[in-house]
Amino acid sequence: MNKANQIEMTRRLALASLGGLIVLGLAWEMWLAPIRPGGSLLALKVLPLCIPLAGILKNRMYTYRWVSLMVWLYFTEGVVRGWSDRAPGNYLGMIEVVLCLLLFTACALHVRVRLHNTPAAAAAKGAVP
């Protein structure tokens, strides 16, 4: 698989998992297993996830880097609620953990592939015997 296909594949995986986290967070706190009946303000937790959408759509390297760090907050929430909530909240927590791991993996691979695809990296490969 060439570099362009890898970059596009990791970009799409990052977008899909980020979108999945946003949809899951809203559905979880509004309808599926809200803390209070009728939904709660905890649904606002998805607002920080909406910020990197533009950067990922524009394929900005910096966005992939900081999203790969931010996603660990949501991973932690998923682990805690997956372990401590009752059904269906614990299953939703496990889904959140999987989506976070997918997002982190996509971001890390995207950055790695793009850094290995730069002219400086190509020149360094040619200079080392």
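Note that the numbering runs from 1 along the sequence shown for the chain.
Looking at Ser17, its side chain does come within 3.5 Å of a backbone N or O of Leu13 through a donor-acceptor pair. When atom types are taken as modelled, the side chain of Tyr74 and the backbone of Lys45 share a donor-acceptor pair closer than 3.5 angstrom.
Salt bridge Glu29/Arg81: present, at least one basic N to carboxylate O contact under 4.0 Å.
Glu96 approaches Leu21 most closely through the heavy-atom pair CG-CD2, 3.8 Å. Smallest separation of non-hydrogen atoms from Asn59 and Arg114: O-NH1, 2.8 Å. Looking at every heavy atom in both residues, Leu103 comes nearest to Ala14 through CD1-O, 3.5 Å.
In this structure, CE in Met61 is found 11.0 Å from SG in Cys107, a value given to the nearest 0.5 Å. The CE atom of Met30 sits 7.5 Å away from atom OG of Ser40, with the distance rounded to the nearest 0.5 Å. Distance CD1/Ile56 to CZ/Arg12: 14.5 Å, rounded to 0.5 Å. To the nearest 0.5 Å, the span separating CZ on Arg60 from CZ on Arg65 amounts to 14.5 Å.
Judged as a ring-ring contact (aromatic ring centres under 6.0 Å, His included), the pairs with a partner in residues 83-107 (not counting sequence neighbours) are, in order, Trp72-Phe104.
Cluster annotation: Val80 is not connected to Leu49 through the hydrophobic network of ILVMFWY side chains, with a link wherever side-chain heavy atoms come within less than 4.5 Å. Transitive grouping of hydrophobic side chains (ILVMFWY, heavy atoms separated by less than 4.5 Å) keeps Leu102 and Met94 in distinct clusters. Each of Leu92 and Leu42 belongs to its own hydrophobic cluster when Ile, Leu, Val, Met, Phe, Trp and Tyr are linked at side-chain heavy-atom distances under 4.5 angstrom. Val46 and Val23 fall into different hydrophobic clusters, defined by Ile, Leu, Val, Met, Phe, Trp and Tyr side-chain heavy atoms under 4.5 Å apart, directly or through other members. Neither Leu109 nor Met9 shares a network with the other; the hydrophobic side chains, linked directly or stepwise wherever heavy atoms of I, L, V, M, F, W or Y lie under 4.5 Å apart, form separate groups for each.
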Apply side-chain contact (heavy atoms from CB on, under 4.5 Å) to the pair Thr63 and Lys58, showing each step before the final yes or no. CA-CA 9 Å; Thr63 304; Lys58 292 178 183 176; over 6 Å; no
Any chance you could lay out the side-chain contact (heavy atoms from CB on, under 4.5 Å) test for Leu57 and Arg11, step after step, and finish with the verdict? CA-CA 8 Å; Leu57 285 171; Arg11 181 179 164 274; 4.2 Å; yes
For Ile22 and Cys50, run side-chain contact (heavy atoms from CB on, under 4.5 Å): C-alpha distance rounded to whole Å, both residues' side-chain angles, the deciding distance at 0.1 Å, then the answer. CA-CA 7 Å; Ile22 292 170; Cys50 296; 4.1 Å; yes
Dump the intermediate steps for side-chain contact (heavy atoms from CB on, under 4.5 Å) on Val111 and Ser68, then the final yes or no. CA-CA 10 Å; Val111 168; Ser68 69; over 6 Å; no
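A side-chain contact (heavy atoms from CB on, under 4.5 Å) with Ile95 is found for exactly one of Leu99, Val98, Val97, namely Leu99.
The side-chain heavy atoms of Pro88 and Leu32, taken from C-beta on, include no pair separated by under 4.5 Å. Contact of the Leu53 side chain with the Leu15 side chain is registered, since non-hydrogen atoms from C-beta on lie closer than 4.5 Å.
Its side chain within the 4.5 Å cluster rule, Val113 clusters with Ile7 among the Ile, Leu, Val, Met, Phe, Trp and Tyr residues.
A 6.0 Å sphere centred on CG of Leu69 holds more than 12 heavy atoms belonging to other residues, nucleotides or ligands.
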